[in-house]
Amino acid sequence: MQCDMCGKTVESLKKVQIEGVLMNVCFDCSRFGSSVKSIPKSFNRSTYVKRAYVNPDDNIVVKSNAGVLIKQKRESLGIKQEDLAKMLSEKASTIHKIESSGAHIDLTLARKIQRILKINLLSEDKKSDDVVTSSNSDGLTLGDIIKQKMRK
Ligand SMILES: [Zn+2]
């Protein structure tokens, strides 16, 4: 039997993997590769863990007019921004930002506000914001243009 690596004739060969190639080598050369027997179970188990639990928050979004809703409700209840901030253990500036500029509210905060003000700030994401309506005002196709030219 001959070693695939050095060509030496030996009594027994070892099957090893060297740079991804299976080779039958002598004992001396086998240390350059990894023994085939030790290879198999090296796959990453975590890649096979299925995501059985689907996060229900995935399609829940904070309404884009949440800031306005908060402000209206807060004012109707006669609560100051600072007071609401305290109830939420947030900074008054955060509340101010949300109400005035419609700053992004994270779900956790939105839920807290919902609970305190008893308003609904969340909606299911219908992905409607992703739909871009064509604002092409002249709306002429090449065919229309040709027709117009023909008419002249
Ligand atoms: Zn060898």
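Side-chain atoms are counted along with the backbone in the values below, which use heavy atoms only and exclude waters and symmetry mates.
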Between [atom1] on residue [X] and [atom2] on residue [Y], distance to nearest 0.5 Å:
X	Y	atom1	atom2	value
Asp4	Lys14	CG	NZ	14.5 Å
Cys26	Met1	SG	CE	12.0 Å
Gln114	Leu109	CD	CG	10.5 Å
Arg74	Ile116	CZ	CD1	13.0 Å
Ile60	Ser123	CD1	OG	7.5 Å

Taking the side chain as every heavy atom from C-beta outward, state whether [X] and [Y] have any pair of such atoms under 4.5 Å apart.
X	Y	answer
Met87	Ile79	yes
Ile95	Glu99	yes
Ile18	Met5	yes
Arg111	Leu122	yes
Lys71	Ser100	no

Determine, using the 4.5 Å side-chain heavy-atom cutoff (strictly less than), whether Leu77 and Leu88 are members of one ILVMFWY cluster.
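Leu77 clusters together with Leu88.
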Does one hydrophobic cluster hold both Leu13 and Phe32, with members joined at side-chain heavy-atom distances below 4.5 Å?
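Per the 4.5 Å side-chain linkage, Leu13 and Phe32 are not co-clustered.
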Can you give me the closest heavy-atom contact between Ala92 and Gln81, atom names plus distance?
O-OE1, 4.5 Å
With no hydrogens and no angle check, is any side-chain donor or acceptor of Asn65 less than 3.5 Å from a backbone partner on Val68?
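Such a contact is absent between Asn65 side chain and Val68 backbone.
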Would you say Thr94's side chain and Glu90's backbone share a donor-acceptor pair under 3.5 angstrom?
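Side chain of Thr94 to backbone of Glu90: no pair is present.
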Derivation of the side chain to side chain contact (heavy atoms under 4.5 Å, CB included) call for Leu117 and Leu84:
CA-CA 9 Å; Leu117 295 182; Leu84 179 61; 4.0 Å; yes
Asn24/Val16 under side chain to side chain contact (heavy atoms under 4.5 Å, CB included): CA gap, chis, key distance, verdict:
CA-CA 6 Å; Asn24 292 305; Val16 296; over 6 Å; no
For a side-chain contact (heavy atoms from CB on, under 4.5 Å) with Val62, tell me which candidate from Ile98, Leu107, Ile113 qualifies.
Leu107
Regarding Asp28 and Lys8, does a basic nitrogen lie under 4.0 Å from an acidic carboxylate oxygen?
yes
